[in-house]
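Comments concern the structure below.
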Amino acid sequence: MDSRYLPALFEKKIYQFWEKNGLFKAKIPKDKKKETFCIILPPPNANADLHLGHAMYVYEDIMIRYQKLRQKEVLWLPGADHAGFETQYVFEKELQKKGQTRFDFDRNTLYQKIWDFVISNKSKMENQLRQLGFSLDWEKERFTLDPDIIKIVYQTFKKLFDKKLVYRAKRLVNYCPYCGTSFSDLEVIYKERKDPLYYIKYPLKNSQSITVATTRPETMFGDTALAVNPKDKRYKSLIGQIAVIPLTNNKIPIISDQAVDLEFGSGAVKVTPAHDFTDFEIASRHHLPIKQAINFDGRLNELAGKYQGFFISQARKLIIEDLKKENLIEKINENYSHRVATCYKCGRLIEPLPKEQWFIKIKPLANKAKKLVENGKIKIYPRRFKKNLIDWLDNFHDWNISRQVVWGIRIPAYRCKKFSTGSNIDSYFSSDPNSMPEGSRRNPWFVSVERPAHCQICGGNDFIQDEDTFDTWFSSAQWPFATLLTIDGKKNFYNYFYPTSVMETGYDILPWWVARMIMIGYFATDKVPFYHVFLHGLVRDKSGKKMSKSKGNVINPITMVDKYGADALRAALIFGVKEGNDVVVSEEKIIGMRNFTNKIWNIGRFIWINSKSTKNKNSSLTNGLLEKMAKEFKEEKKRYLKLMENYQFSRAFGLIYDFLWHRLADFYLEKLKAKVNNGNIKVLKELEKVYFGNLIMVHPFMPFVTEAIWQSFFGENQTILNQQL
RNA sequence: GCUCGUGUAGCUCAGUUGGCUAGAGCAUUCGGCUUACAUCCGAAAGGUCCGAGGUUCGAGUCCUCGCACGAGCACCA
């Protein structure tokens with residue numbers, strides 16, 4: 001043993017040893033009663049290198065290794081996520097560097113190009129997970145685009161469709177004209193912004209007018225009514241009258257609706273159902289027509305007359321100028337502050353636009369999920385997130401799962417070509433999916449796992465498939481059962497390991513992923529997808545900021561592994577952190593933990609040197625120190641086990657840190673050193689016992705150094721992983 | 001507006017059924033290359049545990065109110 005622990009000498013070799021000897025490989029034992037412990041790795045996006053957030057999966061490695069040492073049959077299943085829109089966005093950035101865009105390729109070519117990009121990144125990412133020492137069962141790795149996984153996703157979609165929990169409707173969706181796709185509610189970020197609030201006069205007959213306040217004058221061509229509050233005395237006499245949209249001859253009615261706030265603006269509002277969610281609701285209450293004045297490319301359309309073809313911001317300027325000329329602007333509040341919807345990815349404004357999409361009817365699924373969480377069938381750690389999760393389950397809206405993105409799992413919905421001219425849905429739906437089948441019957445969608453052979457109506461066999469792909473989270477939501485079902489094609493692993501033991505992930509994706517896994521998982525399998533949810537915090541830099549490339553404050557995990565060893569990095573993410581809280585990581589902290597690995601190593605080295613010593617053996621007295629040490633060790637282990645069982649990993653680790661360094665090394669070893677050096681075999685044996693006991697306990701946290709020491713003592717064909725806790 | 005979190009040593013944070021002198025890492029000061037380790041050892045300095053009130057024999061820990069910071073959600077024409 002060298003005087004220092006040098007991670008680079010061991011880590012790669014040890015990992016290969018583990019992998020080659022199948023130490024991470026889960027088997028189905030003869031004794032099916034043997035207790036299992038299974039975690040499905042949250043599949044990293046296969047489009048980029050790992051960042052420190054991924055290193056937080058060390059919590060999973062800790063659990064897996066711990067449970068293995070506790071003699072359970074463990075499975076930690078790796079995977080990769082195609083990450084649909086995310087990946088396509090990243091790939092488009094790559095294209096940009098070459099002066100290309102997604103429009104330069106046809107669908108198949110673009111898909112193939114992204115495929116190649118993803119596959120090379122995927123293997124890179126996998127090797128980085130190895131470098132972190134993760135005890136993943138690589139043989140069983142799954143990818144969200146594996147054909148058998150896609151098949152499961154299709155089966156789930158079909159089952160949802162058959163149970164009327166998925167429906168197609170033309171509704172307002174969050175659409176990003178730049179990214180060219182719609183999003184679910186979760187992908188929209190609201191930002192505080194200052195915009196002028198325009199008070200615009202809408203002419204009435206007899207040269208009167210009514211003033212409405214709006215930040216979006218350019219949508220006026222889509223107005224189909226003006227609305228006032230029914231209790232508003234100012235406007236009572238105007239209800240039922242006709243107003244004219246400025247700059248046009250279009251006449252619209254004045255209606256009353258309780259959604260209108262008397263206090264705000266002028267108390268009267270323009271109703272633009274195609275471009276505003278509230279207005280859409282008003283329109284559905286009053287059966288107003290829906291007129292789309294803005295196209296999906298963010299330009300005004302023919303409804304806008306001379307403004308057709310202009311982008312929203314340009315059109316707005318022109319319209320305001322013209323309104324001023326017509327003396328139809330009453331006033332402008334230049335300092336109006338409000339929140340606008342922006343695209344979570346590109347940051348540009350989200351346009352609410354009417355679009356035909358597939359939606360999941362969420363209420364029945366969320367209610368089931370809520371029960372599972374409330375009655376403890378699924379337990380959440382740390383506990384405070386339980387309330388959080390339930391809030392989400394209470395507040396989910398129907399989930400738009402259609403994405404206008406090439407990279408992804410194409411939706412298995414088909415229509416007979418004979419009927420397929422234009423939209424088959426000629427009415428709009430606000431919230432009642434049950435009205436859907438009416439339209440469907442006229443020109444139905446077939447949802448089927450395989451491409452349908454014949455049209456059930458005309459017998460034809462010429463189908464077109466929906467162009468859209470699934471929201472990535474729709475496939476991710478099925479990950480625990482989709483993976484286990486497809487490992488051997490015979491459900492063996494599913495039967496033995498499902499429901500999985502723990503879902504461990506960052507608290508930031510609670511609604512995106514955890515909630516949806518519970519909803520979809522239970523729907524598809526009639527079982528909870530996991531018994532426990534353990535949520536970790538986010539990694540932040542020294543000043544508490546979230547790490548991001550644009551801020552330039554990222555710490556590359558692999559650079560840190562190369563410099564200080566994987567154990568040091570892993571420990572830095574765990575040490576002194578309350579579960580579920582954000583963790584501040586700095587290079588100094590990693591160095592501190594590197595020093596601890598070296599301390600562990602050197603305690604071992606002391607014992608190792610003395611066990612090789614040829615001094616005369618004796619067993620002189622030690623004044624009760626050995627007994628005291630044994631007792632302390634026993635208590636330590638007891639506390640350790642309790643902490644580990646309660647998911648208090650940081651405290652468990654801190655406990656060993658303190659014991660090894662400040663009790664065993666600084667105190668007992670110092671006091672007993674002279675005796676050991678003089679050949680006291682009894683002391684040496686007792687030190688060994690306590691030391692090895694701690695080595696096993698700390699192994700889940702610092703797998704490499706502990707294995708390196710183990711093999712230094714017992715030979716390179718031995719492994720600490722076969723020990724027992 | 002609603003929900004949640006945080007506020008403890010100069011900095012980053014632990015401290016989970018209320019209980020010995022409130023801890024760790026880093027930083028600081030002093031002394032040490034003592035054959036396990038200088039990626040170390042020994043010692044020191046450093047805290048009105050955000051504030052006020054309450055429960056209690058006893059509160060960093062529990063309750064109420066307040067202040068500060070942060071996060072998420074909702075509304076906004």
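In what follows, every heavy atom counts, from backbone to side chain, and hydrogens, waters and symmetry copies are set aside. Proteins come first, then strands; the chains are lettered A, B, ... in the order of their sequence lines, and each starts at number 1.
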Which nucleotide wins on minimum distance to the side chain of [X], given the candidates [options]?
X      : options             : value
A:N595 : B:C37, B:C26, B:U6  : B:C26
A:N602 : B:C26, B:C75, B:A36 : B:A36
A:N598 : B:A36, B:U39, B:U16 : B:U39
A:N581 : B:U6, B:C4, B:U16   : B:U6

Q. Contact class for A:R216 vs. all strands (heavy atom < 4.0 Å): base, sugar-phosphate, or nothing?
A.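 Nothing, no nucleic acid heavy atom in range.
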Q. Touch check for A:A665, heavy atoms < 4.0 angstrom, all strands: base, sugar-phosphate only, or nothing?
A.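 Touches a base.
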Has the side chain of [X] got a donor or acceptor that lies under 3.5 Å from a partner of the other kind on the base of [N]?
X      : N     : result
A:E670 : B:A36 : yes
A:Q648 : B:U16 : yes
A:K599 : B:C37 : yes

Closer than 4.0 angstrom, basic N to acidic O: yes or no for [X] and [Y]?
X      : Y      : value
A:E330 : A:K201 : no
A:K563 : A:E587 : yes
A:D394 : A:K370 : yes

Q) Which ones in residues 687-712 of chain A lie close to RNA chain B, meaning a heavy atom under 4.0 Å from one of its atoms? A)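 Result for residues 687-712 of chain A: none.
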**Q.** Proximity to RNA chain B (any heavy atom under 4.0 Å), residues of residues 562-576 of chain A only
**A.**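 Under 4.0 Å from RNA chain B: A:F575, A:G576.
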